[in-house]
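Positions are given from 1 along the sequence. Note that ligands are numbered from 1 as they come in the structure, with each ligand's atoms numbered from 1 the same way.
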Amino acid sequence: MSCTEGHTGALGVFGGTFDPIHYGHLRLAETAREALGLAGVRLIPAGQPPHRAAPGASGFHRLAMARLATADNPAFEVDSAEVDASQASYTILTLERLRARVGKDRPLVLLLGVDAFLGLPGWLRWTELFDFAHLAVANRPGYSLDGAGLPPELAAQLEQRQATPDALGTAAAGCIASFSMTPLAISATDIRSRAARGQSLRYLLPPPVLDYISRHQLYS
Ligand code: ATP
């Protein structure tokens with residue numbers, strides 16, 4: 001945690017494989033910062049994600065790309081802890097660590113796309129996430145927060161914890177809010193398969209990340 005960060009203002013926590021980081025991720029983080037009044041957003045690339053196949057690029061490269069993508073935004077910082085750790089990356093462990101660092105009063109807001117939110121019941125100790133942070137859920141094309149796709153145990157949490165974005169600053173943890181971003185149907189899966197086919201990736205991710213991918217011949 002940087003020493004300029006202080007103890008005021010909600011902190012956004014945004015984890016992902018970021019394989020590679022793209023404009024869907026960046027727009028989600030920037031919209032959350034603005035819509036939820038966050039003091040900053042901490043992006044945390046996963047080391048070894050437990051829920052999916054091994055990433056296409058190493059943690060080293062994914063971290064480097066996240067740093068390049070966020071270098072021009074003073075509200076964003078990149079946390080290397082999950083990549084540096086030897087064990088699998090679990091969000092609950094990351095939130096425990098961050099809570100210990102920021103103290104019990106500062107709001108932490110875990111940022112998720114709706115697809116990730118729908119998968120929450122498969123996460124380690126998922127109901128304990130609310131003891132450490134709020135959750136804020138962004139729309140994503142192809143997924144919906146209402147209707148039949150919502151697992152019942154998640155629907156119950158949502159009903160109990162649903163709050164407006166401005167409520168997130170009034171407590172340290174425990175609420176679920178949704179916010180809307182410009183819908184962007186960009187996914188890292190699609191980017192990796194375009195790269196493997198030798199197709200252009202321009203306008204899907206920031207130019208410094210494009211350069212990095214071609215310099216290191218990632219995903220080809
Ligand atoms: P992959 O295609 O490899 O699964 P991804 O593009 O979904 O990757 P992740 O790193 O898995 O990216 O996602 C990290 C977080 O960002 C998740 O909470 C996910 O819901 C969210 N996210 C990713 N892309 C978008 C997008 N285009 N719109 C909204 N949320 C997104």
Side-chain angles (χ1 to χ4, degrees), residues 12-36 38 41-70 73 76 78-80 82-83 88-92 94-95 108-124 126 129 133-145 149-151 154 158 176-197 199 201 203-206 209-210 213 218-219:
V13 179
F14 187 29
T17 316
F18 301 130
D19 188 27
I21 191 164
H22 54 66
Y23 282 133
H25 299 127
L26 293 163
R27 199 53 216 164
L28 184 154
E30 178 68 355
T31 307
R33 185 194 61 72
E34 205 169 36
L36 311 175
L38 304 176
V41 177
R42 179 170 274 239
L43 288 92
I44 312 182
Q48 308 159 47
H51 296 110
R52 49 187 294 160
S58 67
F60 176 87
H61 286 315
R62 290 181 291 108
L63 206 50
M65 291 188 281
R67 288 189 172 125
L68 287 170
T70 55
N73 190 332
F76 291 174
V78 176
D79 182 329
S80 67
E82 290 193 5
V83 167
S89 301
Y90 288 105
T91 301
I92 186 70
T94 292
L95 290 181
L108 290 176
V109 185
L110 181 67
L111 308 176
L112 299 163
V114 66
D115 59 308
F117 180 72
L118 294 175
L120 213 62
W123 292 20
L124 182 72
W126 74 278
L129 297 170
H134 300 298
L135 263 59
V137 186
N139 53 296
R140 184 171 187 178
Y143 301 90
S144 164
L145 246 194
L150 205 59
L154 196 56
L158 188 58
I176 303 174
S178 58
F179 64 99
S180 50
M181 58 180 275
T182 301
L184 291 172
I186 301 175
S187 75
T189 302
D190 175 63
I191 289 173
R192 292 192 301 275
S193 59
R194 278 175 199 276
R197 294 194 299 265
Q199 293 176 330
L201 307 180
Y203 315 120
L204 295 171
L205 26 73
V209 181
L210 278 175
I213 289 173
L218 303 180
Y219 311 119

For this session: Start with the C-alpha gap between Ile186 and Tyr203, add the side-chain angles, then the distance that decides, and say whether side chain to side chain contact (heavy atoms under 4.5 Å, CB included) holds.
Result: CA-CA 10 Å; Ile186 301 175; Tyr203 315 120; over 6 Å; no

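Distance check: Arg42 CZ to Asp79 CG gives 4.5 Å after rounding to the nearest 0.5 Å.
Under the ring-ring contact (aromatic ring centres under 6.0 Å, His included) criterion, Phe18 pairs with Phe14, His25, not counting sequence neighbours. Applying the side chain to side chain donor-acceptor pair (under 3.5 Å) rule to Ser58 yields no partners; only residues at least two apart in sequence or on another chain are considered.
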Contacts under 3.5 angstrom, residues 43-50 side chains, donor-acceptor by atom type, not counting sequence neighbours:
| residue | atom | partner | partner atom | Å |
| --- | --- | --- | --- | --- |
| Gln48 | NE2 | Ser86 | O | 2.8 |

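Within 4.0 Å of ligand 1, heavy atoms belong to protein residues Phe14, Gly15, Gly16, Thr17, Phe18, His22, Gly24, His25, Leu28, Arg52, Leu112, Gly113, Asp115, Ala116, Asn139, Arg140, Met181, Leu184, Ile186, Ser187, Ala188, Thr189, Arg192.
In this structure, Arg33 contributes its side chain and Val41 its backbone to no donor-acceptor pair below 3.5 Å.
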